[in-house]
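Numbers here simply count residues along the sequence, with the first being 1. Since the structure is predicted, the reported quantities are computational estimates derived from the model, not experimental observations.
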Amino acid sequence: VFGGLFGKPGDSAKAKGSRNLEKCAKLISDAKTYADTDREKAKKLYLDARNNYIELDYHEKKEVYDDLMDLYNRIIK
């Protein structure tokens, strides 16, 4: 009965990580759309994505690392 309310101790951390991963991926995607048109906005979104990236666990970092570095390389040019 209370399993849905309280769940297992690791469930909340896993869900939080998943939300952080989704948020990071969305920020990267949004920043890529602005990379060629509004560089300042893209830089701000990149910084938000990077700060979010720092909070991810190792496996989640591996999922978004290439996209984050691609974005970085597009912005610094």
Side-chain angles (χ1 to χ4, degrees):
V1 172
F2 293 109
L5 293 175
F6 301 109
K8 297 176 189 167
D11 287 348
S12 62
K14 185 176 180 183
K16 181 181 177 207
S18 297
R19 277 191 297 252
N20 284 342
L21 178 62
E22 289 175 16
K23 182 176 180 182
C24 187
K26 175 150 178 38
L27 287 167
I28 292 169
S29 175
D30 292 348
K32 282 183 177 182
T33 62
Y34 288 107
D36 297 325
T37 58
D38 187 350
R39 189 153 299 199
E40 289 305 311
K41 184 165 183 139
K43 284 182 182 180
K44 182 187 179 315
L45 290 167
Y46 165 77
L47 290 174
D48 290 344
R50 186 177 56 92
N51 289 335
N52 199 336
Y53 172 84
I54 292 169
E55 302 295 321
L56 299 176
D57 70 25
Y58 174 75
H59 296 289
E60 291 173 330
K61 285 180 178 178
K62 284 177 62 175
E63 289 185 43
V64 295
Y65 177 80
D66 289 335
D67 290 332
L68 190 63
M69 291 309 298
D70 178 52
L71 173 61
Y72 173 78
N73 288 326
R74 286 176 64 182
I75 290 175
I76 62 166
K77 293 181 180 180

Novice: Does Lys43 have any salt bridge (charged side-chain N to carboxylate O under 4.0 Å, His left out) partners at least two apart in sequence or in another chain, and if so, which?
Specialist: Glu40
Novice: Is any NZ, NE, NH1 or NH2 atom of the basic residue among Arg74 and Asp36 found under 4.0 Å from an Asp or Glu carboxylate oxygen of the other?
Specialist: yes
Novice: According to the ring pair (Phe, Tyr, Trp, His ring centres under 6.0 Å) rule, which pairs have a member within residues 21-65, sequence neighbours left out?
Specialist: Tyr46-Tyr72
Novice: Using 0.5 Å steps for rounding, measure from the NZ atom of Lys23 to the CG atom of Leu56.
Specialist: 11.0 Å
Novice: Check Ala49 against Cys24 and note the closest heavy-atom contact, atom names and distance.
Specialist: O-SG, 3.5 Å
Novice: Judged by atom type as modelled, is there a donor-acceptor pair below 3.5 Å linking the side chain of Asn73 to the main-chain atoms of Met69?
Specialist: yes
Novice: Can you tell me how far apart NZ (Lys32) and CG (Asp30) are? Round to the nearest 0.5 Å.
Specialist: 11.5 Å
Novice: Quick check: closest heavy atoms across Ala31 and Ala42, and the distance to 0.1 Å?
Specialist: O-CB, 3.6 Å
Novice: Can you name the salt bridge (charged side-chain N to carboxylate O under 4.0 Å, His left out) partners of Asp48, sequence neighbours left out?
Specialist: Lys44
Novice: Does Leu21 share a hydrophobic cluster with Leu27, counting links as ILVMFWY side-chain heavy atoms below 4.5 Å and allowing steps through other members?
Specialist: no
Novice: Of all the heavy-atom pairs spanning Thr37 and Thr33, show the shortest one and how long it is.
Specialist: OG1-O, 3.9 Å
Novice: Measuring from Ile75:CD1 to Asp70:CG, what's the distance to the nearest 0.5 Å?
Specialist: 10.0 Å
Novice: About how many Å separate CG of Asn20 and NZ of Lys61, when rounded to the nearest 0.5 Å?
Specialist: 11.5 Å
